There are 2 protein chains.
Amino acid sequence: MPKIVDHDAMRTRILDAALGCFTEQGYHATKMTDVARAAKMAKGSLYRYFDSKDALTDALVRRYFDAIRDEVSSYPAPPTLGFLVFGLRQALPADRLGATRMFFDVLGPGFAEDGGARQAVDDFLSWISGHYAGHLRALQAAGEVRRDIDPDRTGAAIASMLDGLIIHQALFARPDSEFAGTSAAAIALIEQGLRPLAQP
Amino acid sequence: MPKIVDHDAMRTRILDAALGCFTEQGYHATKMTDVARAAKMAKGSLYRYFDSKDALTDALVRRYFDAIRDEVSSYPAPPTLGFLVFGLRQALPADRLGATRMFFDVLGPGFAEDGGARQAVDDFLSWISGHYAGHLRALQAAGEVRRDIDPDRTGAAIASMLDGLIIHQALFARPDSEFAGTSAAAIALIEQGLRPLAQP
DNA sequence: GTTTTTAATGACTTGACGGTCATTTTAAAT
DNA sequence: ATTTAAAATGACCGTCAAGTCATTAAAAAC
């Protein structure tokens, strides 16, 4: 007899609306009222699905990184250094900049709290570092990558360095051509750094 | 006849107090009352020296980066690749992490505004990128760095990549030993990437 | 010591937004 | 068509902090 709705679908609808608002106007500039309007419902309804703005944000951040992880996981392991480098280039897409700026916005003021959104990003970074490390290890075995690098440390280094490029572009938007040049230089540096010295 | 105070000294005193508060409690958790207490004055007095919390923050960020710029400018140009790399290592100090976290905190919500604090950081990044580019150009001439890299793009890439390391450590504090390992791997990658190929 | 002008003060005003809840609406079941 | 329990609503509340301003304190000049 009662009215029944699809709880999960509702949460998805709200998260989609929130992502749109946050990306367009920024996280702090977005009021719960805005999210409600974007999701075509009243503010009060939001609170049936998320306990607070923080809870909503946590769910959003987690969903975002889970999706990237799933996608990246589905790629085959790179058989050569060239393929690895190709993959790194793909990790610097223009369409991730809006979300990156948003995370900057979200995480800043939240640095006091330990759980929540920050943890989700932290988890992802640990994962991607390990992911790169695995590739590096395999490529070392194949003679495609210098033997004298530490795969774990270098994997973490690559993750942080690429994120540095993304963050800077997200916050200090340069012309696309300039960003492309900077990215290319960074990738070239990493590629040369990984390449084994030619045997005389 | 009127009472006179040293306006600049007063601003410095307030900025020092604000830096302490922001670093310790975070930017958003710090209220103007807190800054006033730390500076040993009443809240109303702050507003004689800074029009708003934003204005205070802008001045603080600008002062911080100007100081780094002055310091870095005073170093002699690196005569070899080894010296350049040594300098890059110095650019990853543990004592900059608190401030970095704070800037993250400040810049996030402010991404809507264009002037102000963000501009100050932007200016600094442009400057440091150019600074590295100058070193790279000189070292290319000296045969210490590969000729086939673009100094400007690579300078910008190095600045962003190092900042990535700093930001990650600031936000997701890893044990010092781990950060040291990741940094070392990153620097090694950059060094190998810059080094000219050995002539057979 | 008196005057005069600027500096300092902190209680108060103001605006804003996250979250609540009494009321109304909806739809499933019979 | 009626019942009924859950869902939706949005006006309202409480909180909180930035910024103001009438008043008081300070010190320079004489």
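Proteins get letters first, then strands, A, B, ... in listed order; numbering begins at 1 in each. The structure displayed is predicted, hence computed values, not measured ones.
With sequence neighbours left out, the side chain to side chain donor-acceptor pair (under 3.5 Å) criterion links T57(A) to Y27(A). For the side chain to side chain donor-acceptor pair (under 3.5 Å) test, residues two or more places apart in sequence or in another chain that qualify with R146(A) are D148(A), Q192(B). Residues satisfying the ring-ring contact (aromatic ring centres under 6.0 Å, His included) criterion with F65(B), sequence neighbours excluded, are F103(B), F124(B). With sequence neighbours excluded, the residues satisfying ring-ring contact (aromatic ring centres under 6.0 Å, His included) with H135(A) are H131(A). Taking R174(A) as the reference, E178(A), D122(B) meet the salt bridge (Lys or Arg N to Asp or Glu O under 4.0 Å) condition, with sequence neighbours excluded. Annotation: side chain to side chain donor-acceptor pair (under 3.5 Å) contacts of D51(B) (sequence neighbours excluded): none.
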Show me the protein contacts with nucleotides 19-23 of chain C, counting only N or O atoms at under 3.5 Å.
unit_1  : atom_1 : unit_2 : atom_2 : d
dG19(C) : OP2    : Y47(A) : OH     : 3.2
dG19(C) : OP2    : K53(A) : N      : 2.9
dG19(C) : N7     : K43(A) : NZ     : 2.8
dG19(C) : O6     : K43(A) : NZ     : 2.4

Quick one: which protein N/O atoms are closer than 3.5 Å to N/O atoms of nucleotides 25-27 of chain C? Pair and distance per line, please.
unit_1  : atom_1 : unit_2 : atom_2 : d
dA27(C) : N3     : M1(A)  : O      : 3.3

Got a list of side-chain donor-acceptor pairs under 3.5 Å for residues 31-38 of chain A, not counting sequence neighbours?
unit_1 : atom_1 : unit_2 : atom_2 : d
K31(A) : NZ     : H28(A) : O      : 2.7
D34(A) : OD1    : R37(A) : NH2    : 3.4
D34(A) : OD2    : K31(A) : N      : 2.9

Can you give the donor-acceptor pairs under 3.5 Å from side chains of residues 82-90 of chain B to other protein atoms, not counting sequence neighbours?
none

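Residue-to-nucleotide proximity on DNA chain D shows that, of T33(B) and A42(A), the 5′-proximal contact is made by A42(A).
One interatomic measurement links the two molecules: CZ of R13(B) to C1' of dA8(C), which rounds to 11 Å at whole-angstrom precision. In this structure, OH of Y49(A) is placed 20 Å from C1' of dG18(C), rounded to the nearest angstrom. Computed from coordinates, the F50(A) CZ to dG18(C) P distance equals 15 Å when rounded to whole Å.
Heavy-atom contacts of chain A under 4.0 Å fall on DNA chain D between two terminal nucleotides, which in 5' to 3' order are dT4(D) to dG10(D).
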Would you check, one step at a time, whether the test side-chain contact (heavy atoms from CB on, under 4.5 Å) holds for D152(A) with R137(A)? CA-CA 9 Å; D152(A) 293 312; R137(A) 219 182 300 277; 3.0 Å; yes
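Among pairs with a residue in residues 4-17 of chain A, those fulfilling salt bridge (Lys or Arg N to Asp or Glu O under 4.0 Å) read D16(A)-R63(A), at least two apart in sequence or across chains.
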